[in-house]
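In what follows, a single structure is set out as structure tokens and then discussed.
Numbered from 1 within each chain, the chains take letters A, B, ... in sequence-line order. All values below come from the heavy atoms of this structure, side chains included, with hydrogens, waters and symmetry mates left out.
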There are 2 protein chains.
Amino acid sequence: MATGRTHRPATRSRGIPEATVARLPLYLRALTALSERSVPTVSSEELAAAAGVNSAKLRKDFSYLGSYGTRGVGYDVEYLVYQISRELGLTQDWPVVIVGIGNLGAALANYGGFASRGFRVAALIDADPALTGKPVAGIPVQHTDDLEKIIKDNGVSIGVIATPAGAAQQVCDRLVAAGVTSILNFAPTVLNVPDGVDVRKVDLSIELQILAFHEQRKAGEEAAAEGAVPAAATRPDSADQGPDGDVPAVMPA
Amino acid sequence: MATGRTHRPATRSRGIPEATVARLPLYLRALTALSERSVPTVSSEELAAAAGVNSAKLRKDFSYLGSYGTRGVGYDVEYLVYQISRELGLTQDWPVVIVGIGNLGAALANYGGFASRGFRVAALIDADPALTGKPVAGIPVQHTDDLEKIIKDNGVSIGVIATPAGAAQQVCDRLVAAGVTSILNFAPTVLNVPDGVDVRKVDLSIELQILAFHEQRKAGEEAAAEGAVPAAATRPDSADQGPDGDVPAVMPA
DNA sequence: TCATGTGAATCTATTCACAGCC
DNA sequence: GGCTGTGAATAGATTCACATGA
């Protein structure tokens, strides 16, 4: 543990940039891997490589947390793991509910990453009475009717929405009314929430569309490198795909 | 379709900011919903509200695509749907493979959003021989051994990785070697890829950790508003969660 | 000597505010 | 009159480059 400081930088955690916060979990994961291999210290260069960022960015990020490194040496792995965990609030237990136990909800319930690092699946909730009582990942599914009670009894402040798009806003409203203040949304919808509630979204089709944009650009550049064809589809298989509206349900809940 | 322009702004699509690209799918979704309700035109204000952004940002975003609106009126819904689809490369067909058909892979295969909007699940691939031939979402799972052939036969350039963390880099390397140039990674690992290959990642535990950070801050501010307790856990249920290493497998593949 | 920590410079993104056009 | 389109202003993030201190 090397540097046994007392620390506590007074006006702590004030104004850590959002971009930095979003990278802390990445650093933490890389550090945890090092910790498991019993690596005692790591340089910004090495850690940055493991986390897939450049070292200047990493050092700047850490500078917002405090001076946790040793010049000429690097960072103490265990100490950093602890500091970042604390900064992220992972030294406490966060009960989480998952609403919508379809394919995706079940996958999330089974996801090992939940159990580790401070998160605990407190309950699974679904609107389908046929699912009520059935265990998924060892946890019996409860009915949506009891949502408010479940939230309150378990002191849940983080909710995961894995329902179809059509149900998401309604579920969201009920979660918020019951006291949830952070939501991870897997449904392909924009959620409206009051101030003070954080929403993060995970959207498969958005990610794919972003990739498609870059793919198209690559194809266009190849063509440009050869010559001609200024602004049209370049791939031979360019076809007009079926109609189909968007707003696809994630899965039946 | 209102404005029947010829368009094609010469040096098109040059330098659309990444942040704008990431929002285009959002606009497209909102526009598609309007289109289904047969709404003919929409103002930046209305569309921005539907997409969950502010109108200045939306107008600026659209300005990178060209001048597709009408002053004093707004935007023609159908026309914009087409322009954004084209910009994103969704007027062509993108065959996609999913590697790792566990809980999550199956959820993705069943996800309706794939089929719509230009993406087609060309193949499902898994390393488990017991799965080979079994249909998931109506598509028979193929064995990893045939990965290269599958990629080439189908002209796949976009791959989705839903394997455990330990297998992800290896799968990634094979996909890239076989010609895939865009990867959507659900495994909790940093993937190393050569230049010219795009990777986007979807990471549940990172999202949760970011939410936990903000939750903790909220709790801290509440406490501060009352007085005292400068920098410690505030929740009554603050507990030191079990040890457990990170790097959790998404599911068996 | 070596790698951190950080001001300064740069690049990117957002917001403002209004000219331009329907 | 009303809404788009966009320069200019601001805010935020990244990168540079080096002083600082173990």
Side-chain angles (χ1 to χ4, degrees), chain A residues 1-5 7 9 12 14-24 26-27 30-31 34 39-77 79-80 83-84 87 210 213-214, chain B residues 2-5 7 9 12 14-24 26-27 30-31 34 39-77 79-80 83-84 87 210 213:
Chain A
M1 205 133 292
T3 42
R5 325 179 187 192
H7 216 69
R12 184 196 64 126
R14 260 321 62 218
I16 297 181
E18 194 53 37
T20 295
V21 172
R23 280 188 296 267
L24 292 180
L26 234 59
Y27 301 144
L31 285 164
L34 291 172
V39 176
T41 60
V42 66
S43 70
S44 63
E45 203 70 55
E46 294 165 321
L47 184 54
V53 303
N54 75 51
S55 63
K57 198 187 291 187
L58 178 142
R59 286 200 303 278
K60 182 64 101 179
D61 283 342
F62 286 178
S63 78
Y64 294 116
L65 308 185
S67 292
Y68 293 149
T70 308
R71 290 167 201 252
V73 177
Y75 301 92
D76 181 275
V77 171
Y79 185 64
L80 247 195
Q83 290 300 344
I84 296 179
E87 199 62 63
I210 295 170
F213 172 85
H214 292 297
Chain B
T3 42
R5 324 178 186 192
H7 215 69
R12 184 197 62 127
R14 260 320 61 218
I16 297 180
E18 195 52 37
T20 295
V21 172
R23 280 187 296 266
L24 292 180
L26 236 59
Y27 302 143
L31 284 164
L34 291 172
V39 176
T41 60
V42 67
S43 70
S44 64
E45 203 69 55
E46 294 165 321
L47 185 54
V53 303
N54 74 52
S55 63
K57 199 187 290 188
L58 178 142
R59 287 200 302 281
K60 182 63 104 179
D61 283 343
F62 285 178
S63 78
Y64 294 116
L65 308 184
S67 291
Y68 293 150
T70 308
R71 288 163 202 255
V73 179
Y75 300 92
D76 180 273
V77 171
Y79 186 64
L80 246 196
Q83 290 300 344
I84 296 178
E87 200 61 63
I210 295 170
F213 172 85

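Among the nucleotides D:dT14, C:dG5, D:dG5, the one closest to any side-chain atom of A:Ala19 is D:dT14. The side chain of B:Tyr75 lies closest to D:dT4, out of D:dA13, C:dT6, D:dT4.
Between A:Val42 and A:Val77, the shortest heavy-atom contact is CG1-CG2, 4.1 Å. The two residues B:Ala51 and B:Leu26 make their nearest non-hydrogen contact at O-CD2, 3.4 Å. Between B:Leu47 and B:Leu34, the closest heavy-atom pair is CD1-CD1, 4.2 Å. B:Asn54 and B:Ala48 make their closest contact through C-CB, 3.7 Å (heavy atoms, listed as atom of the first residue, atom of the second, distance).
When the P atom of D:dT4 is taken as reference, atom CG of B:Leu65 falls 15 Å away, rounded to whole Å. Remark: P of C:dT6 and CG of A:Asp61 are 13 Å apart, rounded to the nearest angstrom. The separation between B:Leu24 atom CG and C:dA13 atom P is 13 Å, rounded to whole Å. Taking atom CG of A:Leu58 as the reference point, atom P of C:dT6 lies 14 Å away to the nearest angstrom. The CD-P distance, from B:Glu18 to D:dT14, rounds to 13 Å in whole Å. Nucleotide C:dG5 holds its C1' atom 14 Å from the OH atom of A:Tyr68, rounded to whole Å.
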Return the polar atom pairs (N/O with N/O) between nucleotides 15-17 of chain C and the protein under 3.5 Å, or none.
residue : atom : partner : partner atom : Å
C:dT15  : OP2  : B:Asn54 : ND2          : 2.6

Pairwise N/O distances under 3.5 Å, protein to nucleotides 19-22 of chain C:
residue : atom : partner : partner atom : Å
C:dG20  : N3   : B:Arg71 : NH1          : 3.1

*Should A:Glu87 and A:Ile16 be marked as a side-chain contact (heavy atoms from CB on, under 4.5 Å) after you check the CA-CA gap, both sets of side-chain angles, and the distance that decides it?*
CA-CA 10 Å; A:Glu87 199 62 63; A:Ile16 297 181; 3.6 Å; yes
_With side-chain contact (heavy atoms from CB on, under 4.5 Å) as the criterion, how do A:Arg23 and A:Glu18 come out once you've worked through the C-alpha distance, each side chain's angles and the decisive distance to 0.1 Å?_
CA-CA 9 Å; A:Arg23 280 188 296 267; A:Glu18 194 53 37; over 6 Å; no
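Counting only heavy atoms from C-beta outward, the side chains of A:Leu24 and A:Leu65 approach each other to under 4.5 Å.
Sorted pairs that involve residues 43-59 of chain B and meet salt bridge (charged side-chain N to carboxylate O under 4.0 Å, His left out), not counting sequence neighbours, are lacking altogether.
Put simply, CG on A:Asp76 and CD on A:Gln83 are 10.5 Å apart, with the number rounded to the nearest 0.5 Å.
Among residues two or more places apart in sequence or in another chain, the side-chain hydrogen bond (donor to acceptor under 3.5 Å, both in side chains) test is passed with B:Thr41 by none. With sequence neighbours excluded, the residues forming a ring pair (Phe, Tyr, Trp, His ring centres under 6.0 Å) with B:Phe62 are B:Tyr27, B:Tyr75, listed by chain and number.
No engagement by A:Phe62 is indicated, since no non-hydrogen atom pair under 4.0 Å with the nucleic acid exists.
Residues from residues 43-51 of chain A lying near DNA chain D, meaning a heavy-atom separation below 4.0 Å, are absent.
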